[in-house]
> 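Have a look at the structure that comes next, please.
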Amino acid sequence: MILQTATALTQPDVAADTVGHSDFPLSCQWFAAHQWQPFPFQLQVWQAVTHGQSGMLHATTGAGKTYAVWMAAIERFALKKTGKSDPEKAPKSARRKAITQPLTVLWITPMRALAADTERALIAPVEALNLDWSIGLRTGDTNSAERSRQSKRLPTALITTPESLTLLLTRQDAAETFDSLKMVVVDEWHELIGNKRGVQLQLALARLRRWQPQLITWGLSATLGNLQHAMDVLIPNASNALLVQGKLAKNLIIDTLLPPGIERFPWAGHLGLRMLPQVVEEIESSPNSLIFTNTRSQCEIWYQALLEARPDWAGLIALHHGSLDRNVREWVENGLKEGTLKAVVCTSSLDLGVDFLPVERVLQIGSPKGVARLMQRAGRSGHAPGRASRLTVVPTHSLELIESVAAQDAIAARNVEPRESPQKPLDVLVQHLVTIALGGGFSADDLLAEVRSCYAYRQLTDDEWHWALAFVRHGGESLTAYPDYRRAIPDEHGVWHVPDAHLARRHRMSVGTIVSDASMLVKFWAKGASGKSLGSVEENFIARLKPGDHFLFGGRLLELVRVHEMTAFVRKATGKKAAVPRWNGGRLPLSTELANAMVARMDSAAHGHFDGPEMHMIKPLLQVQSDWSALPTNSNLLAECMQSREGWHLFLYPYAGRSVHLGLASLIAWRAGKHQPNTFSIAVNDYGLELLSATPVDWETMFKQDIFSTDHLLIDVIGSLNAGELAQRRFREIARISGLVFAGFPGAHKSARQVQASSSLFFDVFRKYDPNNLLLSQAQQEVLQQELEIDRLSTTLQHLQSKQLQLMHIKRPTPFAFPLLVERFRESSSSEKLADRIARMVADLEKAAGGGAYMPQESVTQQAKFNMQEKVYKKRERVRKTGLPSGVAHSDSSQENTTPRRTRIIPPKPRHGF
DNA sequence: GACCTGCTGCGGTGTG
């Protein structure tokens, strides 16, 4: 059932009109007096909860979701059960109150900071109504005094994280602990549903429901495309559940910061420093701003650039990203909360968890990559009911003008990305088995039914289940000799337990599904001793520096003093020039929703429609594209062929995001190579792909054949890409989650490289001696699903088949082709050659465009030089590492979790019969 | 002196 509610009510009389003032429950009256008039959707939630119904509440950030559910919980469980509040007594802090009411409500948030904020929010009404409820917080930050208090008895409402909940399930007395639980609330469910953390939570909730079949479950979500699925995953038998959409008349304004002129605006590039003066102006004109960047190094660079432009802002602006030390980050968050900071440059680290912050202005530097992300970030401003949220996109190259306007279209049409639950990840299941074996033990049949009640495991086969049991019993076929892998064993009654206290401890220390990268701590070195911690950087970045070298980190210029035990000690440095660390993060491909909106804009441009200032501005560039070649449309697939000194180029623009393009390019190269032996170089970006061959290819004929066929897709993709190597990288995470590899005691600083080495060892051993190990196939599945987006590739292929091919022979690279050329050059083998090449290309382009009209890329040459250096470094590293004992396959940690930017493919020689 | 792609999130032990 879907209920759609009307516009927000800000006038008290309207609210009273709608919900009936006299029917106000006590808790609602409290809200009426202290907070605001309830929105209709809040009352819907209230009605459902007081009738014992589960459901999901979807509304924009800042709409009051937390209070909607909380006041309902109070009404149902505090006021009805324990009688009226007692206004005579002096209120006592609910945080320290003696526990008279047992654990009733469990509140789960994906972040510690959010948990702390939530605690503050929940306490207020409990104290004001003077309920005999106690509120408590349980995360990794909870101190030992509070922990021991909680180990005796949990508070009435416990706020926690998925990981901490799982840890509670490892308690021997878990069943009694949750005996009195009545309701679970999962906050920011959209953040969890699509990943393994969400699966871990699904398993934990199934456990709680076994003990409490009547458990009321509520999910809170924002910015999600597939609400029904999200509810189905959270609540089994969701047909009885209620989906409430709080439709607020929230104004979401997305606009674009236009460059002064399109003529000198780059065709490629990602930093966007060209826009610095305009951005400074925007920051100036507003009391406080958040400036989102897409990567951590970009964040550092922009912070520095802003300071250089406005030295008087020192102390007024700050930066925030995931590699900075927690203290630094908390300082920044507090500065935002208190309004003492004028601007913060950040990454997604501030997407969530900064509720109740007074931010006026949000800027997004570079591509937003997805609709949901942009909405989420826009929601950081005007974070209160009735106030407009505004976000301004700052393009870093010309085509991002279209991306920005496309994002506005997608938001207007509410085309938000869906998120799907992963399908039966066995590493998470294996971890869960040990968790439950610890938490009182299990009998196999009962637990199987419970596990299958989770959406992610609803199709778990008997074979898979027995494999998982065998795996926790003796580590599968190849590890039976090792006692460390006998983690759970059935007793004579068939109840599985963990046989060994040592293994139990190790398991508790490995709970969770987040696997971190290899990194090194950065600390100050003062007077011969270790000082304040600043954060962490990639091992391999530090390895490239020698003592005395300067680098930029956390907004400071630092000098490397020494490296000792996985810590880089630094001191403050002076000067101007420094290296900026590059972290290896995940890659965010352009989402389907945003890409489709872009193609739609391109299509209308091809038909002569240029609506809005962005399209108007980019018109001359699209004119060049269409003069030299053509524009892609909804019905046409644009392909461009070009001959250069390098060979024969094919450019194709499917607009399907970089990971699909990588798979697609490899596939085309592979299939083309079957018809005609050839060697291809590949380059991809979010908009298209390039195939470069040494000999000409008759693409026209080739496209008429089965090159876009979805037949044998899996086989061809696995064959064309080195899927085995990709799977090995994936396996590191699986090995950690499934408990094969122990990351060591906290603070022991076992190198993540060691973890990598041992997981590679397991990978090889399994492949040799236990090829049916299901964790191997899981690794391959994950590569196909997540890194290559095989489903999206398949739909892209179908889509391409239905399109009319428009093959253009071009004389020079078009505005669309140019960024792809640059992408490939970035790893060119000779920087001198590259410098010449770029210069020549720019000159050619300018000539072609009628004199000095286009400047495609800023500082490509220096960039190439740096890459060159890195390449030499990596090569040296590889040589150094060949000293490893044979049999221990090694994979460079800098390469983890990344798909190759460029692959050279040499397809197989045609076999007989072809 | 170089110089610039790739995000985020959690958790845990030891014992006189």
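Note on naming: letters A, B, ... go to the chains in the order of the sequence lines (proteins, then strands), and numbering restarts at 1 for each one.
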> Can you check side-chain contact (heavy atoms from CB on, under 4.5 Å) on A/Ile365 and A/Leu271, steps first, answer last?
CA-CA 8 Å; A/Ile365 314 256; A/Leu271 278 183; over 6 Å; no

> Output the single nucleotide from B/dC7, B/dT13, B/dG9 whose closest atom is nearest the side chain of A/Arg373.
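Given the options B/dC7, B/dT13, B/dG9, the side chain of A/Arg373 is closest to B/dC7.
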
> Does A/Arg197 put a side-chain nitrogen or oxygen below 4.0 Å from OP1 or OP2 of B/dG11?
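It does not, given that no N or O in the side chain of A/Arg197 lies less than 4.0 Å from OP1 or OP2 of B/dG11.
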
> Name the nucleic acid region contacted by A/Gly140, choosing base, sugar-phosphate or nothing; use a 4.0 angstrom heavy-atom cut-off, strictly under.
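Sugar-phosphate, no base atom in range.
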
> If you look at every strand shown and take non-hydrogen atoms under 4.0 Å, does A/Lys196 touch a base, only sugar-phosphate, or nothing?
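The answer is nothing, as A/Lys196 stays clear of every strand by at least 4.0 Å.
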
> Mind checking the CG-CG spacing from A/Leu689 to A/Leu662? Nearest 0.5 Å is all I need.
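These two atoms lie 9.5 Å from each other.
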
> Quick one: is B/dG12 close enough that its OP1 or OP2 comes under 4.0 Å of any side-chain N or O from A/Arg508?
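Looking at the OP1 and OP2 atoms of B/dG12, neither is under 4.0 Å from any side-chain N or O of A/Arg508.
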
> Heavy atoms, side chains only, cut-off 4.5 Å: are A/Asp484 and A/Arg506 in contact?
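Yes, side chains in contact.
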
> So does A/Ser297 get a side-chain nitrogen or oxygen closer than 4.0 Å to the phosphate oxygens (OP1/OP2) of B/dG6?
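Looking at the OP1 and OP2 atoms of B/dG6, one of them is under 4.0 Å from a side-chain N or O of A/Ser297.
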
> Remember a base hit wins even if backbone is also touched, and classify A/Thr139 as base, sugar-phosphate or nothing at under 4.0 Å, heavy atoms.
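Sugar-phosphate contact only.
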
> Roughly how far, to the nearest 0.5 Å, is CD of A/Glu191 from CG of A/Leu220?
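CD of A/Glu191 is found 13.0 Å from CG of A/Leu220.
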
> With a 4.0 Å limit, can you tell me whether A/Arg296 has a side-chain N or O closer than that to the phosphate oxygens OP1/OP2 of B/dT5?
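For B/dT5, neither OP1 nor OP2 has a side-chain N or O of A/Arg296 closer than 4.0 Å.
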
> Let's see if you can work this out: which of B/dA2, B/dT8, B/dG6 has an atom nearest to the side-chain heavy atoms of A/His321?
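Nucleotide nearest to A/His321's side chain: B/dT8.
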
> Would you indicate, yes or no, if B/dG9 has its OP1 or OP2 atom less than 4.0 angstrom from a side-chain nitrogen or oxygen of A/Ser349?
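Checking A/Ser349 against B/dG9: no side-chain N or O falls below 4.0 Å of OP1 or OP2.
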
> Starting from P on B/dT13, measure out to CG on A/Asn143 and report it in whole angstrom.
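So the CG-P distance, A/Asn143 to B/dT13, works out to 14 Å.
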
> Describe the nucleic acid contact of A/Ser164 in one word from base, sugar-phosphate, nothing, applying a heavy-atom distance below 4.0 Å.
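The answer is sugar-phosphate, as A/Ser164 gets under 4.0 Å only of primed atoms, P, OP1 or OP2.
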
> Once you round it to whole Å, what is the distance between P of B/dC10 and CD1 of A/Ile737?
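Going from A/Ile737 (CD1) to B/dC10 (P), I get 16 Å.
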
> Which is more 5' along DNA chain B, the nucleotide nearest A/Gly322 or the one nearest A/Ile301? Just name the residue.
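Whichever sits nearer the 5' end wins; that is A/Ile301.
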
> 5'-most contact on DNA chain B: A/Asp141 or A/Leu552, nearest heavy atom basis?
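Looking at the nearest nucleotide for each, A/Leu552 comes out on the 5' side.
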
> From the options B/dC7, B/dT5, B/dT13, select the nucleotide whose nearest atom is closest to the side chain of A/Arg505.
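Nearest to the side-chain atoms of A/Arg505, counting from C-beta on, is B/dT13.
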
> Grab the CE-P distance between A/Met111 and B/dC7 for me, whole Å please.
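Rounding to the nearest Å, CE of A/Met111 and P of B/dC7 are 17 Å apart.
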
> Please work out if A/Arg329 contacts a base, only the sugar-phosphate, or nothing of the nucleic acid, heavy-atom cut-off 4.0 Å.
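The residue A/Arg329 makes sugar-phosphate contact but no base contact.
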
> How would you label the contact of A/Arg377 with the nucleic acid (heavy atoms, under 4.0 Å): base, sugar-phosphate, or nothing?
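A/Arg377: no heavy atom of the nucleic acid under 4.0 Å.
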
> Tell me: NE2 of A/His661 to P of B/dG6, nearest whole Å?
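Distance check: A/His661 NE2 to B/dG6 P gives 21 Å.
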
> So what does A/Arg506 hit on the nucleic acid, given a heavy-atom distance under 4.0 Å: a base, only sugar-phosphate, or nothing?
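If one applies the 4.0 Å heavy-atom cut-off, A/Arg506 turns out to touch nothing in the nucleic acid.
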
> Taking atom C1' of B/dG9 as reference, at what distance in whole Å does atom CD of A/Glu188 sit?
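In whole Å, B/dG9 C1' lies 12 Å from A/Glu188 CD.
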
> Side chains of A/Leu336 and A/Leu350: does their closest heavy-atom pair fall under 4.5 Å?
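A/Leu336 vs A/Leu350: side chains touch.
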
> Should A/His270 be counted as stacked on B/dT5, where stacking needs a ring-centre gap under 5.5 Å and an angle between planes under 30 degrees?
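Stacked: centres under 5.5 Å apart, planes under 30°.
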
> Can you name the closest pair of heavy atoms from A/Tyr303 and A/Val345 and give their distance?
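Where A/Tyr303 meets A/Val345 most closely, the heavy atoms are CA-CG2, 4.1 Å.
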
> Separation of A/Trp302 atom CH2 from B/dG6 atom C1', in whole Å?
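In whole Å, B/dG6 C1' and A/Trp302 CH2 are 17 Å from each other.
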
> Can you tell me how far P of B/dG9 sits from CG of A/Leu165, to the nearest Å?
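A/Leu165 atom CG is separated from B/dG9 atom P by 20 Å.
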
> Regarding A/Leu167, tell me which of base, sugar-phosphate or nothing describes its non-hydrogen contacts under 4.0 Å with the strands shown.
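Result for A/Leu167 = sugar-phosphate.
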
> Hey, does the side chain of A/Thr161 come within less than 4.0 Å of B/dG11's phosphate (OP1/OP2), counting only N and O?
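It does, given that an N or O in the side chain of A/Thr161 lies less than 4.0 Å from OP1 or OP2 of B/dG11.
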
> Could one point to a donor on the side chain of A/Ser348 or the base of B/dC7 with an acceptor on the other under 3.5 Å away?
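A donor-acceptor contact between them is present.
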
> Would you give the length of the straight line joining atom CD1 of A/Ile682 to atom NE2 of A/His661, rounded to the nearest 0.5 angstrom?
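NE2 of A/His661 is found 12.5 Å from CD1 of A/Ile682.
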
> Expressed in angstrom and rounded to an integer, what is the separation of A/Leu273 atom CG from B/dC3 atom C1'?
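In whole Å, B/dC3 C1' lies 12 Å from A/Leu273 CG.
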
